[in-house]
K.L.:
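The following block contains the structure, expressed as structure tokens.
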Amino acid sequence: MAEFSALVDELTADDDVIGLILAGSRGRGVYVRDESDWDLYVVLRDGASLDDYAARYPSQHGDRIEVLLRSRRGLEGEPAWNRYTFCHVEPLLDRSGGWLDETLRALTTVDPGTAAEPLDGYVNLYYRSLKGTDEAGCRLDAAESVAWFLEFVFAVHGRVRPFNKWLRWELEHHPISWNDLPLLERIVATGALADQQALFRAAETLARERGLGTVIDGWEPDVARLRGISKR
């Protein structure tokens with residue numbers, strides 16, 4: 001797109017711009033359609049005014065080209081929910097002297113030690129589904145548990161959980177030791193107890209392999225029941 005190329009050339013010529021990152025489908029070169037937009041993150045050097053650049057490059061959600069301005073500190077503090085944006089993309093421009101590369105690496109990796117919290121959250125929702133008496137509530141708990149499981153399984157591998165749109169692609173092109181998307185699909189669709197039990201057993205195995213067995217043990221005396229071994 002000529003308009004986007006011209007914008008990149010203009011920003012590249014601006015010494016206050018130290019980084020350009022094209023995100024989304026176009027940044028990864030995957031799932032690109034004619035109507036796909038351009039999400040361009042523009043990183044400014046210290047001292048440059050975000051307000052001035054916002055006035056020069058007005059942009060809003062839904063624009064064909066969306067300009068997202070960031071200071072160095074702003075990019076470093078990118079919220080957790082948006083960090084997958086920066087996975088598997090390469091900057092179009094980096095004249096930060098190594099800072100941008102380090103920052104993107106920090107944004108797109110996770111301390112595996114933090115996997116304990118989403119693991120516990122996953123077991124909690126599964127347990128609620130198992131114990132519940134309202135069918136709709138049980139299915140909702142089962143479906144909600146899947147999100148916590150995904151947070152856990154990617155975190156324990158040191159990875160950011162992908163956006164749902166990218167989950168299948170991520171598992172195919174950047175695999176982890178767990179890969180049973182059909183099982184998750186069935187749990188979301190039906191909440192079937194046998195499928196939830198199978199997922200728990202997979203989560204427990206992985207948790208114990210990665211030193212997180214104490215999280216599972218914290219659910220005693222119900223662990224056997226969660227595995228599907230006992231109907232206590």
Side-chain angles (χ1 to χ4, degrees), residues 4 7-8 10-31 36-122 144 147-167 169-170 174 176 210 212:
F4 178 75
L7 175 61
V8 169
E10 180 179 337
L11 290 166
T12 300
D14 187 334
D15 290 339
D16 281 335
V17 175
I18 61 171
L20 295 174
I21 306 162
L22 178 60
S25 298
R26 292 195 180 275
R28 295 189 183 97
V30 183
Y31 301 149
S36 297
D37 56 9
W38 280 260
D39 294 326
L40 183 64
Y41 284 79
V42 179
V43 186
L44 303 176
R45 73 172 65 255
D46 293 340
S49 170
L50 287 171
D51 289 340
D52 288 348
Y53 276 81
R56 287 168 57 184
Y57 300 99
S59 178
Q60 62 183 3
H61 175 70
D63 286 349
R64 185 72 165 148
I65 300 175
E66 188 172 351
V67 176
L68 301 113
L69 300 170
R70 293 292 188 274
S71 64
R72 288 164 59 108
R73 181 174 296 181
L75 186 65
E76 290 171 340
E78 200 70 29
W81 62 262
N82 195 42
R83 294 191 173 193
Y84 187 73
T85 291
F86 305 100
C87 291
H88 316 304
V89 296
E90 294 292 332
L92 302 179
L93 171 71
D94 180 4
R95 48 178 170 229
S96 66
W99 169 85
L100 183 57
D101 184 61
E102 292 177 5
T103 298
L104 292 179
R105 189 180 305 112
L107 288 175
T108 57
T109 56
V110 174
D111 177 1
T114 65
E117 181 177 355
L119 172 61
D120 204 35
Y122 154 68
E144 192 173 344
W148 285 91
F149 172 81
L150 288 171
E151 290 286 348
F152 155 69
V153 79
F154 278 95
V156 84
H157 287 88
R159 303 261 289 275
V160 174
R161 174 192 165 186
F163 300 144
N164 292 331
K165 169 185 175 178
W166 292 97
L167 177 58
W169 178 87
E170 183 81 14
H174 302 277
I176 55 179
R210 301 302 177 95
L212 296 174

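Each residue takes its place number in the sequence, starting with 1. The model shown is predicted, which means the values in this text are computed figures rather than measured ones.
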K.L.:
Any side-chain heavy atom of L44 within less than 4.5 Å of one from I18?
P.N.:
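Side chain of L44 against side chain of I18, heavy atoms only: no contact under 4.5 Å found.
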K.L.:
Between atom CH2 of W148 and atom OH of Y122, what is the distance when rounded to the nearest 0.5 Å?
P.N.:
13.5 Å
K.L.:
Sequence neighbours excluded, which residues qualify as side-chain contact (heavy atoms from CB on, under 4.5 Å) partners of D39?
P.N.:
A23, D37, E66, L68
K.L.:
Taking all non-hydrogen atoms of both residues, which atom of A115 and which atom of F152 are closest, and how far apart?
P.N.:
O-CD1, 3.6 Å
K.L.:
For a side-chain contact (heavy atoms from CB on, under 4.5 Å) check, start with the C-alpha distance between D14 and E10, then their side-chain angles and the critical distance, and finish with the verdict.
P.N.:
CA-CA 7 Å; D14 187 334; E10 180 179 337; over 6 Å; no
K.L.:
If we only count heavy atoms from C-beta on, is the E117 to E151 side-chain gap below 4.5 Å?
P.N.:
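Not in contact.
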K.L.:
Could you pull out the closest heavy-atom pair between A54 and L69, with the gap in Å?
P.N.:
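Scanning both residues, the minimum pair turns out to be N-CD1, 3.4 Å.
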K.L.:
Side chains of L150 and L167, heavy atoms from C-beta outward: is any pair under 4.5 Å?
P.N.:
yes
K.L.:
Check the pair F154 / E170 against side-chain contact (heavy atoms from CB on, under 4.5 Å), numbers first and verdict last.
P.N.:
CA-CA 11 Å; F154 278 95; E170 183 81 14; 3.9 Å; yes
K.L.:
Less than 4.5 Å apart, side chain to side chain, heavy atoms only: is that true for V67 and L11?
P.N.:
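Not touching, per the 4.5 Å side-chain cut-off.
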K.L.:
Got a salt bridge between E78 and R70, using NZ or NE/NH1/NH2 to carboxylate O under 4.0 Å?
P.N.:
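Counted as a salt bridge, because a side-chain N and a carboxylate O are separated by less than 4.0 Å.
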K.L.:
Are the side chains of L104 and P91 in touch, meaning some heavy atoms are under 4.5 Å apart?
P.N.:
yes
K.L.:
Regarding D51 and R56, does a basic nitrogen lie under 4.0 Å from an acidic carboxylate oxygen?
P.N.:
no
K.L.:
Using a 4.5 Å cut-off on heavy atoms from C-beta on, say whether the side chain of T12 contacts that of V17.
P.N.:
no
K.L.:
Please tell me if the side chains of L100 and L75 come closer than 4.5 Å, counting only heavy atoms from C-beta onward.
P.N.:
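When only atoms from C-beta onward are counted, L75 and L100 do touch, with a gap below 4.5 Å.
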K.L.:
For A116 versus L212, what's the shortest heavy-atom pair and its separation?
P.N.:
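Nearest heavy atoms, A116 then L212: CB-CD2, 4.0 Å.
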K.L.:
Give me the atom names and distance for the closest heavy-atom approach of R72 to D46.
P.N.:
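Shortest heavy-atom separation between R72 and D46 comes out as CD-OD1, 3.2 Å.
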K.L.:
Nearest 0.5 angstrom please: I21 CD1 to E90 CD, how far?
P.N.:
10.0 Å
K.L.:
How close do D63 and P58 get, counting heavy atoms only, and between which atoms?
P.N.:
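The answer is OD2-O, 4.5 Å.
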K.L.:
Test side-chain contact (heavy atoms from CB on, under 4.5 Å) on R159 and T109; report intermediate values, then the result.
P.N.:
CA-CA 5 Å; R159 303 261 289 275; T109 56; over 6 Å; no
K.L.:
V42 pairs by side chain to side chain contact (heavy atoms under 4.5 Å, CB included) with which of V8, L20, D16?
P.N.:
L20
K.L.:
Hydrogens and angles aside, do N82 and T85 bring a side-chain donor and acceptor to less than 3.5 Å of each other?
P.N.:
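T85 and N82 do have a side-chain donor-acceptor pair below 3.5 Å.
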K.L.:
Any luck finding a side-chain donor-acceptor pair between Y57 and D52 under 3.5 Å?
P.N.:
no
K.L.:
Indicate yes or no: at least one non-hydrogen side-chain atom of W169 is less than 4.5 angstrom from one of H88.
P.N.:
yes
K.L.:
Any idea which heavy atoms bring D101 and R105 closest together, and the distance?
P.N.:
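Heavy-atom minimum between the residues: OD2-NH2, 2.6 Å.
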K.L.:
Please determine, by modelled atom types, if S96 and D94 share a side-chain donor-acceptor pair under 3.5 angstrom.
P.N.:
yes
K.L.:
Quick one: are the ring centres of F163 and Y84 less than 6.0 Å apart?
P.N.:
yes
K.L.:
Aromatic ring centroids of H174 and W166 under 6.0 Å?
P.N.:
no
K.L.:
Within this structure, what is the OG1-CZ distance for the pair T108 and F86, rounded to the nearest 0.5 Å?
P.N.:
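The distance works out to 10.0 Å.
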K.L.:
I want to check a possible cation-pi pair here: R64 against W38, using under 6.0 Å from ring centre and within 45° of the ring axis as the test.
P.N.:
no
K.L.:
Measuring from atom CZ of R161 to atom CH2 of W81, what distance do you get when rounded to the nearest 0.5 angstrom?
P.N.:
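One finds 14.0 Å between CZ of R161 and CH2 of W81.
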